[in-house]
Amino acid sequence: MIAETAGATRLILPDEAATAALGARLAAALRPGDLVALSGGLGAGKSVLARAIVRALLGEPDAIVPSPSYTLVNVYAARAGEVWHADLYRLGGPPDALELGLVEALSHAIVLVEWPERLGADLPARHLEIALELLPGSNGAEPREARATPRGPGWDRALAAIGGDA
Ligand SMILES: Nc1ncnc2c1ncn2[C@@H]1O[C@H](COP(=O)(O)OP(=O)(O)OP(=O)(O)O)[C@@H](O)[C@H]1O
Ligand SMILES: [Mg+2]
């Protein structure tokens with residue numbers, strides 16, 4: 001289910017497989033220099049989505065992609081170049097975030113950031129925001145809503161991929 005309101009593309013993800021499929025579609029549209037900011041509360045599905053993006057970029061559907069909760073950043077060598085997967089939940093604040101080198105990495109890498117709010121004003125202005133939210137489910141289902149908002153230019157391909165048009 002897809003809807004577009006006020007610049008945001010909204011998508012219902014009925015189950016984990018749908019979230020993973022979204023990641024695979026989005027991966028195909030990402031290029032070095034792209035930053036995807038994955039926001040949403042604990043357990044919203046940010047890591048599920050990031051893992052699917054990394055796996056698709058690696059071309060390895062079963063690749064082990066651990067959550068970088070403790071390492072803060074994990075770096076992968078994909079065909080398209082480096083992929084940085086960051087989880088900033090445990091980070092003190094923007095000065096520490098800068099030391100991780102995420103901004104410099106954008107010169108050559110695709111960067112995926114969970115808890116991008118931790119970057120504060122250091123979050124690069126050009127990024128693709130994807131906000132995940134739990135929706136009420138029934139019969140054991142745990143649907144999520146993804147809301148994708150382009151920040152800055154150059155996200156048309158990615159938004160088309162999210163919507164399934166690419
Ligand atoms: N529709 C869905 N999409 C994504 N994950 C789902 C869905 N339904 C159930 N899940 C489950 O929800 C959990 C999401 O966990 P995940 O680690 O991706 O969250 P997170 O947003 O990264 O949280 P954290 O901030 O703690 O890192 C997983 O256990 C997954 O199996
Ligand atoms: Mg996570």
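In this chain, residues are counted from 1 in sequence order. The figures here come from the full heavy-atom set of this structure, side chains too, leaving out hydrogens, waters and symmetry mates.
Within the 3.5 Å criterion, the main-chain N or O of Pro153 finds a donor-acceptor partner in the side chain of Arg126. Looking at Arg55, its side chain does come within 3.5 Å of a backbone N or O of Ala63 through a donor-acceptor pair. Between the side chain of Arg151 and the backbone N or O of Leu128, no donor-acceptor pair lies under 3.5 Å. Between the side chain of Lys46 and the main chain of Val113, no donor-acceptor pair closer than 3.5 Å is present.
Hydrophobic clustering places Leu30 together with Leu11 (ILVMFWY residues linked when any side-chain heavy atoms are closer than 4.5 Å, directly or through intermediates). Both Ile53 and Leu159 belong to a single network of hydrophobic side chains, linked directly or stepwise wherever heavy atoms of I, L, V, M, F, W or Y lie under 4.5 Å apart. Linking Ile, Leu, Val, Met, Phe, Trp and Tyr whenever their side-chain heavy atoms come within less than 4.5 Å puts Leu91 and Leu35 in one cluster. Hydrophobic clustering, with ILVMFWY side chains joined whenever heavy atoms are under 4.5 angstrom apart, groups Val65 together with Leu38.
For the pair Arg90 and Trp115, the cation does not sit on the ring face, since its NZ or CZ is not both under 6.0 Å from the ring centre and inside 45° of the axis.
Between Thr19 atom OG1 and Glu142 atom CD the span is 10.0 Å, to the nearest 0.5 Å. Atom OG of Ser39 sits about 9.5 Å away from atom CD of Glu133, to the nearest 0.5 Å. Atom CZ of Arg147 is separated from atom CG of Leu132 by 9.5 Å, given to the nearest 0.5 angstrom. With rounding to the nearest 0.5 angstrom, the NE2 atom of His127 is 9.5 Å from the CG atom of Leu119. Here the OH-NE2 distance, from Tyr76 to His85, works out to 7.0 Å after rounding to the nearest 0.5 Å.
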*Do Glu145 and Arg10 pass the salt bridge (charged side-chain N to carboxylate O under 4.0 Å, His left out) test, and can you show the C-alpha distance, the side-chain angles, and the key distance before you say yes or no?*
CA-CA 7 Å; Glu145 181 183 74; Arg10 289 146 50 98; 3.5 Å; yes
*Could you check Leu57 against Ile110 for side-chain contact (heavy atoms from CB on, under 4.5 Å), going step by step and ending with a plain yes or no?*
CA-CA 10 Å; Leu57 289 169; Ile110 293 170; 4.0 Å; yes
*asked:* Quick one, Ile130 with Ile162, criterion side-chain contact (heavy atoms from CB on, under 4.5 Å). Give me CA distance, side-chain angles, the key distance, then yes/no.
replied: CA-CA 10 Å; Ile130 299 189; Ile162 288 171; 4.2 Å; yes
*asked:* Please determine whether side-chain contact (heavy atoms from CB on, under 4.5 Å) holds for the pair Leu26 and Leu49, giving the CA-CA distance in whole Å, both sets of side-chain angles, and the decisive distance to 0.1 Å.
replied: CA-CA 10 Å; Leu26 178 55; Leu49 186 54; 5.6 Å; no
*Test side-chain contact (heavy atoms from CB on, under 4.5 Å) on Leu106 and Trp84 and set out the steps.*
CA-CA 9 Å; Leu106 276 177; Trp84 286 45; over 6 Å; no
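Looking at every heavy atom in both residues, Ala29 comes nearest to Ala158 through CB-CA, 3.6 Å. Nearest heavy-atom pair across Pro61 and Gly59 is CD-O, 3.6 Å. Taking every heavy atom of both residues into account, Pro68 and Val73 meet most closely at CB-N, 4.0 Å. Closest approach of Ala20 and Ala52 over heavy atoms only: O-CB, 3.3 Å.
Counting heavy atoms from C-beta on, the side chains of Pro143 and Leu13 never come closer than 4.5 Å.
The existence of a salt bridge linking Arg144 and Asp15 is excluded, since no basic side-chain nitrogen approaches an acidic carboxylate oxygen closer than 4.0 Å.
Side-chain contact, Glu114 with Ser47: a donor N or O sits under 3.5 Å from an acceptor N or O.
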